[in-house]
Protein chains: 2
Amino acid sequence: MENVTIRMLAEKLQLSTATISKALNNSHEISEETRKRVQDLAKELNYVPNPYASSLRKKSSKTIAVVIPEIADSFFAEAINGIEAVAQEKGYHVLIYLTHESSEKEQAILKDFQSGRVDGVLISVTMETANSEHSLSQLSKELPLVFFDRVCEEVATAKITTNDSEAAYIATKHLIEVGCRNIGLLAASEQLTIMRERIKGFYRALTEYQLPVTNNSVTYFTREANQLLSDTLRLGKFDGVIATTEKLATNVYEAAETLKLQLPKDLKVIGFSNLSTARFLYPSLTTVYQPAFEMGKAAATLLFKALKNSHVTLTQQSMEIPSQLFIRNSTLQQ
Amino acid sequence: MENVTIRMLAEKLQLSTATISKALNNSHEISEETRKRVQDLAKELNYVPNPYASSLRKKSSKTIAVVIPEIADSFFAEAINGIEAVAQEKGYHVLIYLTHESSEKEQAILKDFQSGRVDGVLISVTMETANSEHSLSQLSKELPLVFFDRVCEEVATAKITTNDSEAAYIATKHLIEVGCRNIGLLAASEQLTIMRERIKGFYRALTEYQLPVTNNSVTYFTREANQLLSDTLRLGKFDGVIATTEKLATNVYEAAETLKLQLPKDLKVIGFSNLSTARFLYPSLTTVYQPAFEMGKAAATLLFKALKNSHVTLTQQSMEIPSQLFIRNSTLQQ
DNA sequence: ATGAAAGCGCTAACAA
DNA sequence: TTGTTAGCGCTTTCAT
């Protein structure tokens, strides 16, 4: 069967396409009677509106984009869950784009958004965030854009984050309190704001306890961290580490195995992670649990708010949702 | 600045929009010279084609849909990685839809695809798969459709699966060989083909070892499995279980904790799971590792093949990619 | 309350 | 090789 169009409905009912369109969209300038006639026929013929015709005409697509570095990471997966929940409720469609930490890919993706393909964008930037600053600033002028987690400070728009500095401060303090004196912060990028925040919190705790920065330091890992991490742990003589990404946390377990370090005896670990298996690891992992679902939900909610009412100034709508420290055996005092 | 259109380019260059269009699409019926002139100006003015105008006209959107039950599950997350890798390479966009195991939501999503919003669909169905059979059969006649993992047998199209029956057979055999005599298969739905396959393999192993079906049985869990699972493990007197979903695997660890069962001494566990943390669990988890990334990639590759050449009959393109048993301590012989 | 008509931006016959 | 023209299916003034 041919695809049913608004024109076919119009012919069958001896009405104009304009009337059909209005009737289908529940316009109040249509009589109740014809409205019903139209909608009944539409249902009968299984009419499905062509979204592209509508998008072309209305210049809005009921579609948003989610741009993230990686999807096989429980933080991002949960965040998408939050985003999707809101989108589904609002009848929006969700396009997913993965950057795999490549700012080049990120740029290409952002460029495409100038086409009007999406009505709004939710993004958690690449580690090489600095490269995308300009594109993002530009884009945020054309479309509602909301950052979540990995933000770009310089871009004037809403940012949904967690209390990274405070969370790192609390994590560091916890390590100190269970006896660590040589703590390493395993970080992922010097450029990411959230990393800088965590580092701030880390140093604040060190300062507060008057621990020397010579023994307590930040190490950066980009892609394949395994070898480097083993080296760091071997040479670094750390008695405690904070892994600021989920991947790094498991890398620590791997490295510990390789180096035959006993956790938590030889080395205590805290991971920034939403791993559902954290409590079943050996040893169970003390985590900074980030409210991923809520962050996704908040970001999406805010985006839709801006989409609905263009007078919402996203710049003033940033929001911080606190993380929570779950203390487990990987930081058990010996 | 106004959005740059093909018409603006045409005016600036004193050419027709048709010529511009052809030049931008590298048509061979355009002289090298004008092609360059057009493309140069396009770049200069930062022209970005309107995808919706093009989609409306061409009746193709360079967009595919991925429909899955859940995203916070390492199998599906990895599968998406595979899909996205292929899609990005081919210049396609990926719409994500989550059903959260609701066949009602699934139906609504599938219905929308009749609009021509997407050129093709990759799907892993809900546990209540039976409900969607009809819609899927219908849809597969209008669009290229490829199942991955959770298939609908009755629908005549390509299916990318793993060797579920064989994998379950091997897993069961392994449990028997390490001494289990009362094995429980923890299943998720009676309707899912992959579950039925796994059950087949399970029974095959039991038969081969002449173990009575009275002691070795299949239990179904739908949503919130925790309480039910605790009951099952307490009453079932199992000495070994196979958790056929990732969630169920962690549920077993939870229940074991609650019931103070020691793994693997009191109960041995195998999980169908792609958890990257499997080796670091306590005890490390013996897993049936499913080739999620490859399955996603294969499904997407096949879909694009069908999209490119409409004579590819998907029905004959099904594919099975083997899983692998990783033996770890959760099935250690005592 | 309904309809005529224009047009969103692009592509593809067909002509020239 | 380039241009003319006619839409894709829908929404939206503006008339009636």
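Numbers restart at 1 for each chain; the letters A, B, ... are given by sequence-line order, proteins then strands. Hydrogens, waters and symmetry mates are skipped; everything else that's a heavy atom, side chains included, is used. Because the structure is predicted, anything quoted here is derived from the model rather than measured.
Atom CD of A/Glu29 and atom P of D/dT11 are 13 Å apart (whole Å). Rounded to an integer number of Å, the gap from CD1 of A/Ile20 to P of D/dC10 is 11 Å. Distance CG (A/Leu9) to P (C/dT2): 15 Å, rounded to an integer number of Å.
The aromatic rings of A/Phe148 and A/Phe75 lie parallel to each other, their planes meeting at an angle below 30°, with 60° marking the opposite boundary.
Contact between the side-chain N/O atoms of B/Asn3 and the OP1/OP2 oxygens of C/dG9 is not found at any separation under 4.0 Å. Taking only side-chain nitrogens and oxygens, A/Ser16 never comes nearer than 4.0 Å to OP1 or OP2 of C/dA4. At the phosphate of C/dG9, neither OP1 nor OP2 sits under 4.0 Å from any side-chain N or O atom of B/Thr5. The phosphate of D/dG9 has neither OP1 nor OP2 within less than 4.0 Å of any side-chain N or O from A/Thr17.
Across all strands, A/Ser31 comes closer than 4.0 Å only to sugar-phosphate atoms, never to a base (heavy-atom distances). A/Gln14 comes within 4.0 angstrom of sugar-phosphate atoms only, judged by non-hydrogen atoms across all strands, and of no base.
Contacts between residues 48-63 of chain A and DNA chain C, counted as heavy-atom distances below 4.0 Å, involve A/Leu56, A/Arg57, A/Lys59.
With sequence neighbours excluded, the residues satisfying salt bridge (Lys or Arg N to Asp or Glu O under 4.0 Å) with A/Lys36 are A/Asp40. Listed by chain and residue number, B/Arg117 satisfy the salt bridge (Lys or Arg N to Asp or Glu O under 4.0 Å) test with B/Asp112 (two or more places apart in sequence, or in another chain).
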